[in-house]
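What you see below is based on every heavy atom in this structure, not just the backbone, and it leaves out hydrogens, waters and symmetry mates. Order of listing sets the numbers, starting from 1, for every ligand and every atom in it. The first residue of the sequence shown is numbered 1, and numbering continues consecutively from there. Not measured: the values here are computed from a predicted model.
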Amino acid sequence: MTDRKALMADKKRVVVKIGSSSLQHGETGDLDYTKLDVLVRELCNLRNMGMDVVLVTSGAIAVGQKAVLPQRAKEEDNPIAVKQACAAVGQARLMMIYQKIFAEYNQVAAQILMTKNTIVDNLNRYNARNTFEELFKLGVIPIVNENDTIATYEIEIGDNDTLSAIVASLVEADALILLSDIDGLYTDDPRTNPDVKYIEVVEELTEELMNMGKGSTGSSVGTGGMTTKLQAAKIANSTGVDMVIANSKDIKVIHRILSGLNIGTLFLAHRDEKFDLPLYVQQMHACDK
Ligand code: GLU
């Protein structure tokens, strides 16, 4: 059995990803300020413990849509251009709220918006990595999202599960925590199959596992299902990052996971020297086009 306490003991650089559905009240679609507050407090506390921390947050489109098109119930009802306009409004609003809460805890936060090109282009990637490093040195918490207003949504990185793994890989993080509306990885969809088994640890991402999450998605907001989480695990694990998927219903799982408690599904890092991040990102979705 994996000794999670020992594994987590020396984590110094952590990326945390939170999805749109975890930030909203299910019934109204409005932001859940209590959750946001707990999230920010958890992250500030990790920072106070001396860790380098990155937050990858979704919510730009959802928050923007609430502001300018409140009558539309679902993100996917909107054409791409409308989603991008919503993101332009929502990203600024989201950052305003984050800045306010981070400031309450005396913590400086920064915004980094990325596209596929940030990774594929050598100079952009180099600059992005340097910026992250400088921010860590300054004790700042970078808040990352995809630059949805200029990235053509579906054909760019497209989901923040993958984006967070790319970021974790870029900054050579020790751990990536994906907070989602599911407890972890199951052998099948637990909402439709009562006989599913919960998987505590994934020692190795086999072909069989990679195929397991195909076609699953949890909610009407955000873009991540199990497929994107497994893709994230592939990127993170291949570049030496341990990853945990856990349920965001209690945000305090963040420090519990990092203290080594057996929460969520742990995907163990297996550094693959042949894994080429820019090439992998370049080829992502290539078969969908
Ligand atoms: N970047 C999108 C947003 O902020 C969300 C993508 C995702 O949910 O994975 O709205």
Problem set entry | Residue pairs passing the ring pair (Phe, Tyr, Trp, His ring centres under 6.0 Å) test where at least one lies in residues 81-131, sequence neighbours excluded | none

Exercise. Salt bridge (charged side-chain N to carboxylate O under 4.0 Å, His left out): which pairs involve residues 39-68, sequence neighbours left out?
Worked result: Arg13-Asp52, Asp30-Lys66, Asp37-Arg41, Arg47-Asp52

Exercise. How many angstroms lie between atom CG of Leu7 and atom CG of Asp242, to the nearest 0.5 angstrom?
Worked result: 4.5 Å

Exercise. Taking both backbone and side-chain atoms of Gly158, is any N or O found less than 3.5 Å from an N or O belonging to ligand 1?
Worked result: no

Exercise. Under 3.5 Å between some N or O of ligand 1 and some N or O of Glu146?
Worked result: no

Problem set entry | ligand 1 N/O within reach of Gly59 N/O, cut-off under 3.5 Å | yes

Problem set entry | Contact (N/O only, under 3.5 Å) between Asn160 and ligand 1 | yes

Exercise. Which atoms of ligand 1 sit under 4.0 Å from any heavy atom of Ile61?
Worked result: 3 (C), 10 (O)

Problem set entry | Within-cut-off N or O pair, Asn145 and ligand 1, under 3.5 Å | yes

Exercise. Looking at Asp159, which atoms of ligand 1 are within less than 4.0 Å of one of its heavy atoms?
Worked result: 9 (O)

Problem set entry | Stepwise salt bridge (Lys or Arg N to Asp or Glu O under 4.0 Å) check, Lys249 with Asp183 | CA-CA 9 Å; Lys249 63 176 188 273; Asp183 293 337; 3.8 Å; yes

Exercise. Are side-chain N/O atoms of Asp148 and Gln91 paired as donor and acceptor at under 3.5 Å?
Worked result: no

Exercise. Rounded to the nearest 0.5 Å, how far does CD1 of Ile112 lie from OG1 of Thr131?
Worked result: 6.0 Å

